[in-house]
Protein chains: 2
Amino acid sequence: MAEKVTIADVARVAGVSRQTVSNALNTPEVVRPETRQRVLEVVEELGYRVNLAARQMRTGRSGLIAIRVDPVSDGINGSVFDRFLHGLTEAAAEAGHRLLLYTAADDHKEIAAFEDLLGAHEPDAFVLTSTHHKDLRTTWLLDRQLPFVTFGRPWSELPDVRHPWVDVDGAAGTEAATEHLLAAGHRRIAFIGWPPGSGVGDDRRLGWARALAGAGLDPTGLSRETPDGAAEGEAVARDLLAGDPDITALVCASDSLALGALQVARSPNPAWHSEAYRRIAVIGFDDTPVAKAIGLTSVHQPLTEAAARCMSLLSRALEGSPPSHLLLPPFLVVRQSA
Amino acid sequence: MAEKVTIADVARVAGVSRQTVSNALNTPEVVRPETRQRVLEVVEELGYRVNLAARQMRTGRSGLIAIRVDPVSDGINGSVFDRFLHGLTEAAAEAGHRLLLYTAADDHKEIAAFEDLLGAHEPDAFVLTSTHHKDLRTTWLLDRQLPFVTFGRPWSELPDVRHPWVDVDGAAGTEAATEHLLAAGHRRIAFIGWPPGSGVGDDRRLGWARALAGAGLDPTGLSRETPDGAAEGEAVARDLLAGDPDITALVCASDSLALGALQVARSPNPAWHSEAYRRIAVIGFDDTPVAKAIGLTSVHQPLTEAAARCMSLLSRALEGSPPSHLLLPPFLVVRQSA
DNA sequence: GTGAAAGCGCTAACAG
DNA sequence: CTGTTAGCGCTTTCAC
């Protein structure tokens, strides 16, 4: 049972040639239905499976899709990638592919990893995450016409960057969050985000600003920038609330930032609480387990769907179709914090 | 550069035979140092990389290690596996292997996946997680003498179950947690765990009981069982505290349970708060991002080390060494909750 | 429709 | 120490 059963065994038992077996499996329409039927029965009976290494030598296709996992999982936000990865594993399996993992510390190292992989395991395609401005990886892969899809839009101005991608509309997410707060009566809504230059962060700020503009409100003085982190979020929230007694709500670019902001919101501090009591609403981004655990309202990304879409765009790319892309809408998960 | 460079190219440029190149790479000691040096230079110059598919056809080894990822990441506790996976990816890379992902819904489906994989990609070994009583997978792999390692000890009574494994000493973790509470002066310390039968859960309960016994305390009436979950933990904690006014601390089998328990501990409810004010200490297990976020004291598992150890046991198994195993000590991360 | 031959890139076995 | 031969299992010609 664990013995190696080759195409020759199937051919012998079915009373046909090896080639006919191969045809029955790979090019069914070229074989007579009854022959095909018999071959398939024998395949089933013997538990035959194509040896991918042998196939790969002839066709050059390995059935492998490579994806990078970061050396360290940074806790709160790492869960976003992990959910995506789980979804992608399933989607890939349905498309007859398997995921191959690799690590790399930066763009250059990752390109070195591409070279290693292409020479060794020969993955059929790559899935790239965390796209950014001046992404060397996409350029490298495009130059060599290697199939890939990115989860994350190309944050580049170059109009000739043409590759399939899937992304979640971050601006729509923060916009929905802000509109939710507006609908609840909030009028002075601040934003805590990352320093400009990170496409994702800028996009999320944009949605907040758009919602304010839509309500005819002035965003001046209501936006702050900080590296990601709960401590950072807490500091910035404290500063914001102390400096502006009219702020009643905070939209954050991540759950980490929101978590810190929520500390401030939930334990009023005299330092900023000089005015009448304010109940501060807080909304995060990513709907991580932490958000669920502490009752933080957050923007949820449809990661399973994103993974499935990545896979289908990839399948299409492997068939030679021109690249297309997809911007998925996130949705707000409302909890106690807002 | 992206052109396919084979061993023949290297041989031609270096002025030796194909076999010498192969030897220089795989059996360096059998080749004259100067020849070897020249070959390696040409390899570098041409950017040659062995084609694993071709090698696999000859040697039967693919350089792949297969590991299952669960279809759905269950949020809080999923992060444990994910951290392990990240660590394993790195450890595998250092040992010259890559991780291949697959999914399966249960033991039987997973065994079917084994068969698929072995016939197709031919992984050199498997890494199994979530071992349990009557684990069909280990039996199946042992029967076929396929190399594998489990992260999780064999929870079986069978003395002949002999395979390499790595596990974290859960009992030592809850014991340390309980001792920490004892040292802080707590005398009536309850345990919230899972229904008996899940090796991991029973083990964690054992550590708590052991610590109490060591302090000469009676555990009677202090242990509760419930499926995992924050809501479940909350309900059980409420019940425990209402029924026993002397309880001042709760040790939980998971961060999910602890999260729920902490809700009760932090917002005193008249229902159980009939006695004098009690500050209830809570300790969780796994040290997930949620624990860090909400200041929950928790038992931390050394997952990166566990992954590295799994890989080294696997390497040894692939070399034919007899199986050995390892029980790693966890440690307590003390935060505000205890 | 079906079968025979060739060869993908590599390494184990053997000969020099 | 180095070179030659053979063949892993499969699929792509090309005959039949």
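So you know, we letter chains A, B, ... as the sequences are listed, proteins then strands, and number each from 1. Not measured: the values here are computed from a predicted model.
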Asker: Looking at C:dT2, I'd like to know if its phosphate oxygens (OP1 or OP2) sit under 4.0 Å from a side-chain N or O belonging to A:T35.
Answerer: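 The answer is yes; a side-chain N or O of A:T35 sits under 4.0 Å from OP1 or OP2.
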Asker: Tell me every residue that passes side-chain contact (heavy atoms from CB on, under 4.5 Å) with A:P164, counting only those two or more places apart in sequence or in another chain.
Answerer: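 Only A:V149, A:L313, A:A317, A:P323 meet the side-chain contact (heavy atoms from CB on, under 4.5 Å) criterion with A:P164.
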Asker: Just the rounded figure in Å: distance from P of C:dG9 to CZ of A:R58.
Answerer: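 Atom-to-atom, A:R58 to C:dG9, this comes out as 10 Å.
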Asker: Heavy atoms within less than 4.0 Å of DNA chain C: which residues of residues 13-30 of chain A have one? Give them sorted by number.
Answerer: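 Heavy-atom cutoff 4.0 Å gives A:V16, A:S17, A:Q19, A:T20, A:V30.
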Asker: According to the side chain to side chain donor-acceptor pair (under 3.5 Å) rule, which pairs have a member within residues 312-323 of chain B, sequence neighbours left out?
Answerer: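 Residue pairs with at least one partner in residues 312-323 of chain B: there are none.
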Asker: Can you tell if the side chain of A:T20 reaches within under 4.5 Å of the side chain of A:V31, non-hydrogen atoms only?
Answerer: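 A side-chain contact under 4.5 Å exists here.
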Asker: Going by the rule salt bridge (Lys or Arg N to Asp or Glu O under 4.0 Å), which residues pair with B:D124 if we only count those two or more places apart in sequence or in a different chain?
Answerer: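 Here no residue qualifies.
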Asker: With A:F126, which of A:L118, A:T150, A:T138 fulfils side chain to side chain contact (heavy atoms under 4.5 Å, CB included)?
Answerer: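 In the set A:L118, A:T150, A:T138, the residue that makes a side chain to side chain contact (heavy atoms under 4.5 Å, CB included) with A:F126 is A:L118.
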Asker: Could you tell me which residues satisfy salt bridge (Lys or Arg N to Asp or Glu O under 4.0 Å) with B:D135, sequence neighbours excluded, listed by chain and number?
Answerer: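 For B:D135, the residues satisfying salt bridge (Lys or Arg N to Asp or Glu O under 4.0 Å) (neighbours in sequence not counted) are B:R137.
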Asker: Sub-3.5 Å donor-acceptor pair from the side chain of A:R38 to the main-chain atoms of A:E34, do we have one?
Answerer: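 Looks like no, no N/O pair under 3.5 Å.
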Asker: Reading DNA chain D 5' to 3', which nucleotide is the first, and which the last, to come under 4.0 Å of any heavy atom in chain A?
Answerer: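 Contact boundaries, 5' end first: D:dG9 to D:dT12.
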Asker: Would you mind reading off the distance between B:D9 atom CG and C:dG9 atom P, rounded to a whole angstrom?
Answerer: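 Between P of C:dG9 and CG of B:D9: 9 Å.
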Asker: Is there a side-chain contact between B:T131 and B:V200 in this structure, where contact means two heavy atoms from C-beta onward sitting under 4.5 Å apart?
Answerer: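 No. Closest side-chain heavy atoms not under 4.5 Å.
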